[in-house]
Protein chains: 2
Amino acid sequence: MPFEKNASMGFVTNRLARLFAQHLHARIAPLGLAPAQFMTLLELWEGDGLTQAELTDRLDVEQATMANTLARMKRDGLIERTPHPQDRRAQLVWLTDKARSLEQPAKQAAHSVNQLALAGLEGGDAAQVLGHMNAMIESLRDKPG
Amino acid sequence: MPFEKNASMGFVTNRLARLFAQHLHARIAPLGLAPAQFMTLLELWEGDGLTQAELTDRLDVEQATMANTLARMKRDGLIERTPHPQDRRAQLVWLTDKARSLEQPAKQAAHSVNQLALAGLEGGDAAQVLGHMNAMIESLRDKPG
DNA sequence: TCCATCTACATAGCATGCTATCCTCATATA
DNA sequence: TATATGAGGATAGCATGCTATGTAGATGGA
């Protein structure tokens, strides 16, 4: 039974991710946003008029997950969708004024959560951790099963 | 808009946690286990006869989450529950033989996922990352909102 | 032109997680 | 002892994510 969960990278990562999500949720809920909506907005704030497929690629979630997130964002008045001019299967996603107005406060909220999390780390530690986490992401991606 | 998601600890942690969960799921699904069930078994394999409240404390999930996970584990024949001898509100959770038989293969599956993730890191990097992640967990826990 | 195949999305079904409630039993206190 | 408060669980409602399917439009040959 040489499996100590507190020394398991997967276990600890899961715990940390849930804590990040809880804190982010608490800070952006007053803005009317949920975490996955915020993540999607991060991409759209860089430029809207994207298709669902493009968002799916850039945010590394499954197509079905993105479809549901976009449906909730439309329901909540964060996006509008228009027919794709060249492809009748696709739609383009556009930000509403409401979504544009949330960019600064939402980014500030996310930034403050990151700052809180990093409060106990030394200067270069954060960059080092990010580098190693990205290395793990590379090792795990495109290797399902 | 100085918010680069690939440099955001929360964003990267979320991505990595989902990858861990996907790989773990792929490897333990053949055993009839889901990730949260495996996590709960990790605690019960160390000693069963625990209450739901004790499991909730040790695994850092909400009470309602644990209630649902235990309901699915009972449905799947992984646990049995008996009345608490001193407290009529509580029940004790016991492993079935089936759950006991899964300890080695399930732990092996989780171990192999961790190994895959860590493949690109140097010797001491994993311990260092774990240390920093635990520091972030400490900074975020018990500070809801 | 026709058909096989692919692609873009939608939907169904399920597991996790969380917050908010509610119920029951336990306990401390007036 | 009567009552207020607390603790253990269950349940409802919702957001995320994933896999598996289904549908309609796009495309590349034969």
Side-chain angles (χ1 to χ4, degrees), chain A residues 10-11 14-30 32-40 50-57 59-76 78 81-93 144-145, chain B residues 10-11 14-30 32-40 50-57 59-76 78 81-93 144-145:
Chain A
F11 189 91
N14 172 273
R15 173 89 176 96
L16 182 57
R18 285 188 289 115
L19 281 169
F20 267 115
Q22 288 170 44
H23 281 263
L24 180 63
H25 180 272
R27 296 186 193 220
I28 64 179
L33 292 180
Q37 297 180 345
F38 170 67
M39 181 179 80
T40 306
L50 304 176
T51 64
Q52 180 185 114
E54 287 169 327
L55 285 167
T56 297
D57 283 348
L59 293 172
D60 283 311
V61 294
E62 290 302 315
Q63 173 265 319
T65 299
M66 182 55 69
N68 286 324
T69 295
L70 290 177
R72 283 187 291 269
M73 291 175 76
K74 183 168 181 181
R75 177 201 66 189
D76 296 345
L78 295 168
R81 307 181 80 170
T82 61
H84 189 292
Q86 276 85 47
D87 189 335
R88 281 191 294 159
R89 295 169 303 176
Q91 301 168 65
L92 302 181
V93 177
Chain B
F11 189 93
N14 172 272
R15 173 89 176 97
L16 182 58
R18 285 188 290 115
L19 281 169
F20 267 116
Q22 287 170 45
H23 281 262
L24 179 63
H25 181 271
R27 295 186 192 221
I28 64 178
L33 293 179
Q37 297 179 346
F38 170 66
M39 181 178 81
T40 305
L50 304 176
T51 64
Q52 180 185 113
E54 287 170 326
L55 285 167
T56 297
D57 282 348
L59 293 172
D60 283 310
V61 294
E62 291 302 313
Q63 174 264 319
T65 300
M66 183 55 69
N68 286 325
T69 296
L70 289 176
R72 283 187 291 269
M73 291 176 77
K74 183 168 180 180
R75 177 201 64 188
D76 297 344
L78 296 168
R81 305 180 80 168
T82 60
H84 189 291
Q86 275 86 45
D87 189 333
R88 281 191 295 160
R89 295 169 303 178
Q91 302 167 65
L92 301 181
V93 178

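In what follows, every chain begins at residue 1, and chains take the letters A, B, ... in the order their sequences are listed.
- A:Leu50 places none of its side-chain heavy atoms less than 4.5 Å from the side chain of A:Leu92.
- Between the side chain of A:Asp76 and the backbone N or O of A:Leu78 there is no donor-acceptor pair closer than 3.5 Å.
- In terms of position on DNA chain C, the residue among A:Thr51 and A:His25 whose nearest nucleotide sits closer to the 5' end is A:Thr51.
- With sequence neighbours excluded, no residue forms a side chain to side chain donor-acceptor pair (under 3.5 Å) with A:Asp57.
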Could you write out each protein N or O paired with an N or O of nucleotides 27-29 of chain C at a distance under 3.5 Å?
none

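- Applying the side chain to side chain donor-acceptor pair (under 3.5 Å) rule to pairs touching residues 62-72 of chain A yields A:Gln52-A:Gln63, sequence neighbours excluded.
- When the local axes at the two ends of the helix from C:dT1-D:dA30 to C:dA30-D:dT1 are compared, using 5 base pairs at each end, they differ in direction by 0° after rounding to 10°.
- D:dT19 atom C1' lies 15 Å from atom NE2 of B:His23, rounded to whole Å.
- Not counting sequence neighbours, the partners of A:Asp60 by the salt bridge (Lys or Arg N to Asp or Glu O under 4.0 Å) test are A:Arg141, B:Arg15.
- Residue B:Met66 holds its CE atom at 5.0 Å from CG of B:Leu55, rounded to the nearest 0.5 Å.
- The minimum heavy-atom distance linking A:Pro35 with A:His25 is given by the pair CD-CD2, 3.9 Å.
- Every residue two or more places apart in sequence or in another chain was checked for a salt bridge (Lys or Arg N to Asp or Glu O under 4.0 Å) with B:Arg81, and none qualifies.
- For C:dA10, one of the phosphate oxygens OP1 or OP2 lies less than 4.0 angstrom from a side-chain nitrogen or oxygen of A:Gln52.
- For the OP1/OP2 pair of C:dA26 and a distance below 4.0 Å, the side-chain nitrogens and oxygens of B:Arg88 include at least one atom meeting the criterion.
- The separation between B:Gln91 atom CD and C:dT24 atom P is 15 Å, rounded to whole Å.
- When rounded to the nearest whole Å, the span between NE2 of A:His84 and P of C:dT7 equals 15 Å.
- Considering every non-hydrogen atom in both B:Val93 and B:Leu70, the closest pair reads CG2-CD1, 4.2 Å.
- The interatomic distance linking B:Leu50 (CG) with D:dG9 (P) rounds to 11 Å, in whole Å.
- Under the side chain to side chain contact (heavy atoms under 4.5 Å, CB included) criterion, A:Ala17 pairs with B:Thr13, B:Ala17, not counting sequence neighbours.
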Any N/O pairs under 3.5 Å between the protein and nucleotides 15-18 of chain C? List them or say none.
unit_1 : atom_1 : unit_2  : atom_2 : d
C:dA15 : OP1    : B:Arg75 : NH1    : 3.4
C:dA15 : OP1    : B:Arg75 : NH2    : 3.0
C:dT16 : OP1    : B:Pro35 : N      : 3.4
C:dT16 : OP1    : B:Ala36 : N      : 3.1
C:dT16 : OP2    : B:Arg72 : NE     : 2.9
C:dT16 : OP2    : B:Arg72 : NH2    : 3.4
C:dC18 : OP1    : A:Arg18 : NH1    : 3.3
C:dC18 : OP1    : A:Gln22 : NE2    : 3.1
C:dC18 : OP2    : B:Glu62 : N      : 3.0
C:dC18 : OP2    : B:Thr65 : OG1    : 3.0

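- In this structure, OG1 on B:Thr82 lies 8.0 Å from CD on B:Gln91, to the nearest 0.5 angstrom.
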